[in-house]
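Below you'll find the structure, written out as structure tokens, and then a few comments.
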Amino acid sequence: MKILIVNGPNLNLLGRREPEIYGDNTFESYLTELRRRYPDIEISYYQSNVEGELINRIQADGFSADGIVLNAGAYTHTSVALHDCIRSITSPVVEVHISNVHKREVFRRLSMISPACIGVISGFGMDSYRLAIEAIKEHGQ
């Protein structure tokens with residue numbers, strides 16, 4: 001099984017960015033944990049602060065990956081282009097958020113990408129990514 005994890009803008013700062021919301025763990029250290037936990041799954045990772053680069057990577061893997069875990073960051077709330085990209089590929093996509101977006105600013109409650117995804121996981125910290133992998137595993141059976 002092959003799963004791609006894609007993180008959007010500002011998620012390269014995990015571990016330093018607003019630790020009271022996002023925790024103090026870097027994504028790279030969490031990725032090591034995920035790969036250890038799922039040795040039978042090839043987990044690829046990509047992060048960009050640029051919308052078009054996210055789209056390029058999703059398109060590149062979106063016909064061969066067994067699933068994509070996408071934390072689009074702020075693009076979640078604004079990007080019709082990401083929505084269209086997700087709808088154009090065959091790999092199932094799970095939308096992920098580290099924080100519970102419904103307990104935050106009102107604008108974070110609207111997701112432009114949710115309708116194109118198979119599901120949304122929000123508010124479980126970094127564990128949201130693990131839960132998304134589990135969802136993709138179940139979806140693929």
Inset, instruction - Grab the two heavy atoms, one from D127 and one from Y30, that are nearest each other, plus how far apart they are. - result: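 So the minimum-distance heavy-atom pair works out to CA-OH, 3.5 Å.
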Legend entry - Closest approach of P9 to A74 (non-hydrogen atoms, all atoms of both residues): CG-N, 4.2 Å
What residues form a side-chain contact (heavy atoms from CB on, under 4.5 Å) with [X], not counting sequence neighbours?
| X | answer |
| --- | --- |
| T32 | R36 |
| S44 | L4, E42, R57 |
| T26 | E28, S29 |
| I41 | M1, I3, Y38, I43, I133, K137 |

Please report, to 0.1 Å, the donor-acceptor pairs under 3.5 Å made by any side chain of residues 80-98, with sequence neighbours excluded.
residue: H83; atom: ND1; partner: M112; partner atom: O; Å: 2.9
residue: S88; atom: OG; partner: C85; partner atom: O; Å: 2.7
residue: T90; atom: OG1; partner: G62; partner atom: O; Å: 3.4
residue: S91; atom: OG; partner: G62; partner atom: O; Å: 2.9
residue: S91; atom: OG; partner: A65; partner atom: O; Å: 2.7
residue: E95; atom: OE1; partner: S111; partner atom: OG; Å: 3.1
residue: E95; atom: OE1; partner: S114; partner atom: N; Å: 3.2
residue: E95; atom: OE1; partner: S114; partner atom: OG; Å: 2.5
residue: E95; atom: OE2; partner: H97; partner atom: NE2; Å: 2.6
residue: E95; atom: OE2; partner: S111; partner atom: OG; Å: 3.1

Inset, instruction - Look at the side-chain heavy atoms of Ile, Leu, Val, Met, Phe, Trp and Tyr, link any pair under 4.5 Å apart, and say whether V120 and V69 land in one connected group. - result: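 Cluster IDs for V120 and V69 differ.
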Legend entry - Shared hydrophobic cluster for I113 and I58 (ILVMFWY, side-chain gaps under 4.5 Å):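 Shared cluster, yes.
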Inset, instruction - Taking ring-ring contact (aromatic ring centres under 6.0 Å, His included) as the test, write out the residues that go with Y45, two or more places apart. - result: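 Expected list: F27.
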Inset, instruction - To the nearest 0.5 angstrom, please state how far the CD1 atom of I55 sits from the OG atom of S79. - result: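 Here the rounded value is 5.0 Å.
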Inset, instruction - Give, for atom CG of L70 and atom OH of Y75, the distance between the pair rounded to the nearest 0.5 Å. - result: 12.0 Å
Inset, instruction - Output every pair passing salt bridge (charged side-chain N to carboxylate O under 4.0 Å, His left out) with a member in residues 1-13, not counting sequence neighbours, ordered by first then second residue. - result: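 Residue pairs passing salt bridge (charged side-chain N to carboxylate O under 4.0 Å, His left out), neighbours aside: none found.
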Legend entry - Pair listing, salt bridge (charged side-chain N to carboxylate O under 4.0 Å, His left out) test, anchored in residues 111-126, at least two apart: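 Every candidate salt bridge (charged side-chain N to carboxylate O under 4.0 Å, His left out) pair involving residues 111-126 fails, so no pair, neighbours aside, qualifies.
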Inset, instruction - For a side chain to side chain contact (heavy atoms under 4.5 Å, CB included) with N71, tell me which candidate from L11, I121, I5, V6 qualifies. - result: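 For N71, the side chain to side chain contact (heavy atoms under 4.5 Å, CB included) check succeeds only for L11.
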Inset, instruction - Only counting residues at least two apart or in another chain, list the ones meeting salt bridge (charged side-chain N to carboxylate O under 4.0 Å, His left out) with D66. - result: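 With sequence neighbours excluded, D66 shows a salt bridge (charged side-chain N to carboxylate O under 4.0 Å, His left out) to no residue whatsoever.
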Legend entry - Donor on one side chain, acceptor on other, N56 and Y46, under 3.5 Å: no
Legend entry - Side-chain donor-acceptor pair present, E51, N49, cut-off under 3.5 Å: no
Check side chain to side chain donor-acceptor pair (under 3.5 Å) between [X] and all other residues, then give those that pass, not counting sequence neighbours.
| X | value |
| --- | --- |
| N10 | none |
| E53 | S48 |
| S128 | none |

Inset, instruction - Taking T76 for its side chain and G73 for its backbone only, find out whether a donor-acceptor pair lies under 3.5 Å. - result: yes
Inset, instruction - Examine distances only and state if a side-chain atom of S99 and a backbone atom of G125 form a donor-acceptor pair shorter than 3.5 Å. - result: no
